[in-house]
Novice: 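Quick one: the structure is below, questions incoming.
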Amino acid sequence: MTPISRSEILGKLGAIVLTMLIVLPVLAVVLFALTSYVSDGVVALLPFDPQTSTKVIFAIRAILIALTLSVVYFWLSNWLNGRMSDGNSARGLTVQEMIQPWLFVGPALMLLLIFLIYPAFETLRLSFTNDVPLLDAAGMPLLNEGGIARTTTGFVGFANYAFIFASENFWLAIRNSVLWLVVVPTLCIIFGMLIAVLADTMRFGAVAKSMIFIPMAISFVGAAVIWRNIYAAGGTETHQIGLLNALLSPFGVQPKFWYEIQFWGNFFMMLILVWIQTGFAMVIFSAALRSVPTETLEAAEIDGATPRQIFFRITLPQIYSTVVVVWTTLTILVLKVFDIPFALTANKSDKLLLATYMEQTRNSQREPELAAAIAIILMLIIVPIMGFNLWRMKKENADA
Amino acid sequence: MLRRSVMTGVLMIIVMIWVVPFAGLLLTSLRSTKHANETGFWRAIVSNEIGYSFKTKGGAEAVQLGDQWVITGNVFEERNAFDAGLAAKNGEPAIMPIRGKILRFGSGAAKPDAVAAGDTVEIRGGAFSLAQNGDYTWAFDQEYKKGGKTIGAKVLHPPTFGWRNYVRAFQDNRIPNALINSFIVTIPATVIPLMIAAFAAYAFSWLTFPGRDILLAGVIALLVVPLQLAFIPVLSMYAGIASWASELQAWLGWCSGTDCEVPAKTFSGLWLAHTAFGLPLAIYLLRNYIAGLPRELLESARLDGANHLQIFARLVLPLSMPALASYGIFQFLWVWNDLLVALILGPTSDLVLPIEIQKQIGTYKSELERLNASAFISMIVPLIVFLSMQRYFVRGLLAGSVKGG
């Protein structure tokens, strides 16, 4: 039996990958051409107007083709692997066994490489570049016909970061992000814990929990519309259409759009996220509370501990690690919040967050290099939080 | 006992805070424009005083009674007939008719509170009276030849609800289009990562290959990477592919001029991006589950001569259904509700629901009933998915969070 060399594995793997790279695109084109004959006939059968029908049919075709290609990949690569090495000999089987894992993890690793790993490094590189003047051989700036210096993209060191740190909007975004980071997870945890504790003791609790859980299903934009009905100003002289203004106007409060007011408007937007995410904290805490052994609680009760003492001295320390997990998860979520301020205030600088600030820089100001630097800063803030979480998890596993 | 009722009370209040905004959305979406934009949603279930202006009939329809010329009619019937005709002409769905009790009225649209219903005011030399039920008489001593007059009135309007805003949302093609687009984006962006991640998770749990543990740790570490880090390079990658494809098309001679331009932001681009962005969590969740399947089962299948694809398809996939369902609903909700990725990488002409709703927040500032109807339509699908599969969703949350990550 000849020994299995690395080049044999790589060669066979390469052959399979190459086949896939040829077969899958060709198959896609063929399927697309074939289905176009069918689709024209089907369009007439649908109950929509022709334009909508065409679109629906196109979508169904695209979905079916995408799924077919995925299935064909796994089936065909497996089949090729089986044909390339003799499955009846131990050696052939071993070769197959060595190739197989890569065929299974291949698509996932490929996608992660193209859409996350490479872009992360590219963004990092981009954040150190910007427009620099084009120089001639003597080191003098080259001018175009209008007498304006010509530019090219080049390495600028930390200039982008310096520019961002000097910009007022960045510090507003940081201020607001910090406020969100403090307020949203804290309120979610307090409400979530309160509801979990209260709901577990009463019959009405299960209904209450499912009501509070429902906002998890809807989009942030949808939630923004929902809360607009509460925060909005407007209506007639006698009636306000926003619930908050209607409740407060008898006390002489001027009607206003509550999420638009300077500085404090941020807090009204935070409440929307609290409304959405409390259900998450509640569900996790509910499960954690049930895992606290009842014997300890009963023993404490017999010893005369008050419910408050039992909660703070016995229950809370036992589920402390769960609280930390919820806190980290919410923190990372809050750092990426984009939709709520975007939908309600369309990037007013007083309401900027890191994510909206980045999108504003990228899209409205057309400064991808600066936006890249902001993304890197965002990353640098998230990593320590996540690292802390992982470190704590590892420590816990070691203790257990 | 007191303690218990306080606790119940607190919980009730919290539940109210959670439910009332939802009720507001639903109620507003079922009201008429005037009601939704003049009174708050909490007033939808009671009668409201609403100011209306009505146009009376003119001199051409006056009838001579003795020495008087009298115009009679009913403001509600005439206005509703007129509005219904207008809606029919514009191809809009049936109106929600105005009804109720006239409280006060006056001789012009700006004077709805002048006199009480049943009283008489002088309009253009005639005596005009309007009864509570909307019947009016306008009596002149000599012949009246001019046209009708607009009068203002405060109407005590009983609660009215209707499907009109939903019918309108579906007649206007933006919401149906966005609904279709959301399905186009969400279905493949849920199924493809599920399939790819399941294969990868199987390999990571049950196959041995060099570097397996490091690769797995690397994949899970990618959970940390904010998507913002990916947007700029992925977008320029798509732009590059699009311009290359445009040139290829032009070179092949399939098209001419602007027809050759391939858009950079496409549905397929969005699928791939969502697939990749969802993979770290998918692999993490599925590997946790698949690694816990009974070893004997998989080994005995292997001894029976089944290859890995067969084991995967016949054993692992059916046994992992709960985990697949958990992740599937996560990804479905995330993609369906996503605004940011669709905004940056999605097609600019075919908008998905969150973007469409975000735009309508601006355009329907004074037609809140339409904005709310659109928003509710955008929530129906995720709510159905969520409520029918809540068990799996909770399981996924617990697997992702209590164990860590």
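In what follows, chains are A, B, ... by sequence order, proteins preceding strands, each numbered from 1. The basis for the numbers below is simple: all heavy atoms, side chains too, and nothing from hydrogens, waters or symmetry mates. These figures come from a predicted structure and were not determined experimentally.
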Novice: Non-hydrogen atoms of chain A under 4.5 Å away: do they reach the side chain of B:L235, the backbone, both or neither?
Specialist: side chain
Novice: Using heavy-atom distances under 4.5 Å, tell me whether B:V385 contacts chain A through its side chain, its backbone, both, or neither.
Specialist: neither
Novice: Taking the side chain as every heavy atom from C-beta outward, state whether B:V219 and A:L109 have any atom pair closer than 4.5 Å.
Specialist: yes
Novice: Say whether, by atom type as modelled, one donor and one acceptor occur between the side chain of A:S70 and the main chain of B:I192 under 3.5 angstrom.
Specialist: no
Novice: What residue, out of A:L335, A:I332, A:I214, has the most heavy-atom pairs lying under 4.5 Å from chain B?
Specialist: A:I214
Novice: Given the options A:A375, A:A62, A:P101, which has more heavy-atom pairs under 4.5 Å with chain B than any of the others?
Specialist: A:P101
Novice: Step by step, work out the side-chain contact (heavy atoms from CB on, under 4.5 Å) result for A:M211 and B:M16.
Specialist: CA-CA 9 Å; A:M211 296 280 188; B:M16 283 283 280; over 6 Å; no
Novice: Just how far is it from atom CG of A:L124 to atom CG of B:L229, taken to the nearest 0.5 Å?
Specialist: 8.0 Å
Novice: Could you tell me which portion of B:L343 (side chain, backbone, both or neither) has an atom closer than 4.5 angstrom to a non-hydrogen atom of chain A?
Specialist: side chain
Novice: Relative to chain A, which segment of B:W271 carries a heavy atom at a distance below 4.5 Å: side chain, backbone, both, or neither?
Specialist: side chain
Novice: Quick one: does B:L227's side chain get under 4.5 Å of A:F115's, heavy atoms only?
Specialist: no
Novice: Can you check whether A:V71 reaches B:M195 side chain to side chain, under 4.5 Å on heavy atoms?
Specialist: yes
Novice: Using non-hydrogen atoms and a 4.5 Å limit, figure out which bit of B:L333 sits close to chain A: side chain, backbone, both or neither.
Specialist: side chain
Novice: So which of B:I180, B:I357, B:T39 has the biggest tally of heavy-atom pairs under 4.5 Å with chain A?
Specialist: B:T39
Novice: Give the ring-plane orientation class for B:H308 versus A:F104, where under 30° counts as parallel, over 60° as perpendicular and anything between as tilted.
Specialist: perpendicular
Novice: Could you tell me if the side chain of B:Q390 sits less than 4.5 Å from the side chain of A:V283, heavy atoms only?
Specialist: no
Novice: State, yes or no, whether a side-chain contact exists between A:N229 and B:L27 at a heavy-atom distance under 4.5 Å.
Specialist: no
Novice: Heavy-atom distances under 4.5 Å only: say whether B:S366 touches chain A with side chain, backbone, both or neither.
Specialist: neither
Novice: Quick one: does B:N337's side chain have a donor or acceptor within less than 3.5 Å of a partner on A:A217's backbone?
Specialist: yes
Novice: Run the side-chain contact (heavy atoms from CB on, under 4.5 Å) check on B:L368 and A:R228 step by step: do they pass?
Specialist: CA-CA 10 Å; B:L368 293 177; A:R228 206 184 173 283; 3.4 Å; yes
Novice: Please classify the contact of B:L207 with chain A as side chain, backbone, both or neither, using a heavy-atom distance under 4.5 Å.
Specialist: side chain
Novice: Flag the one option from B:F267, B:Y202, B:F277, B:F231 with the top tally of heavy-atom pairs under 4.5 Å to chain A.
Specialist: B:F277
Novice: Measuring from A:I226:CD1 to B:F376:CZ, what's the distance to the nearest 0.5 Å?
Specialist: 9.0 Å
Novice: Is it the backbone or the side chain of B:A198 that comes under 4.5 Å from a heavy atom of chain A, or both, or neither?
Specialist: neither
Novice: Using the ring of each side chain (for Trp, its six-membered ring), is A:W275 parallel, tilted or perpendicular to B:F22, with breaks at 30° and 60°?
Specialist: tilted
Novice: Passes side-chain contact (heavy atoms from CB on, under 4.5 Å), B:F204 versus A:V105? Steps please.
Specialist: CA-CA 8 Å; B:F204 277 127; A:V105 296; 4.0 Å; yes
Novice: Rounded to the nearest 0.5 Å, what's the gap from CE on B:M237 to CD1 on A:I114? Could you check?
Specialist: 6.0 Å
Novice: How long is the span from the CE atom in A:M216 to the CG atom in B:L383, to the nearest 0.5 Å?
Specialist: 13.0 Å
Novice: Contact part of B:I196 toward chain A, heavy-atom cut-off under 4.5 Å: side chain, backbone, both or neither?
Specialist: both
Novice: Heavy atoms only, distances under 4.5 angstrom: which of B:W206, B:F393, B:W334 has the most pairs with chain A? Name it, please.
Specialist: B:F393
Novice: Would you say the side chain of B:P280 lies within less than 4.5 Å of the side chain of A:L116, judging by non-hydrogen atoms?
Specialist: yes
Novice: So A:T278 and B:W18, side-chain contact (heavy atoms from CB on, under 4.5 Å) or not? Walk me through it.
Specialist: CA-CA 10 Å; A:T278 294; B:W18 255 259; 3.5 Å; yes
Novice: Nearest 0.5 Å, please: how far is CG in B:L309 from CD in A:Q100?
Specialist: 7.5 Å
Novice: Before we go on, tell me: are the rings of B:F312 and A:F74 under 6.0 Å apart, centre to centre?
Specialist: no
Novice: Which one, B:V19, B:I17, B:I344, leads in non-hydrogen pairs under 4.5 Å with chain A?
Specialist: B:I344
Novice: Using 30° and 60° as the class boundaries, would you call the ring planes of B:F209 and A:W102 parallel, tilted or perpendicular?
Specialist: perpendicular
Novice: Which atoms of B:N307 come close to chain A, meaning under 4.5 Å heavy atom to heavy atom: side chain ones, backbone ones, both, or neither?
Specialist: side chain
Novice: When rounded to the nearest 0.5 angstrom, what distance separates CD1 in A:I63 from CD1 in B:I184?
Specialist: 6.5 Å
Novice: With respect to chain A, which residue among B:N372, B:L215, B:V394 yields the maximal number of heavy-atom pairs within a distance under 4.5 Å?
Specialist: B:N372
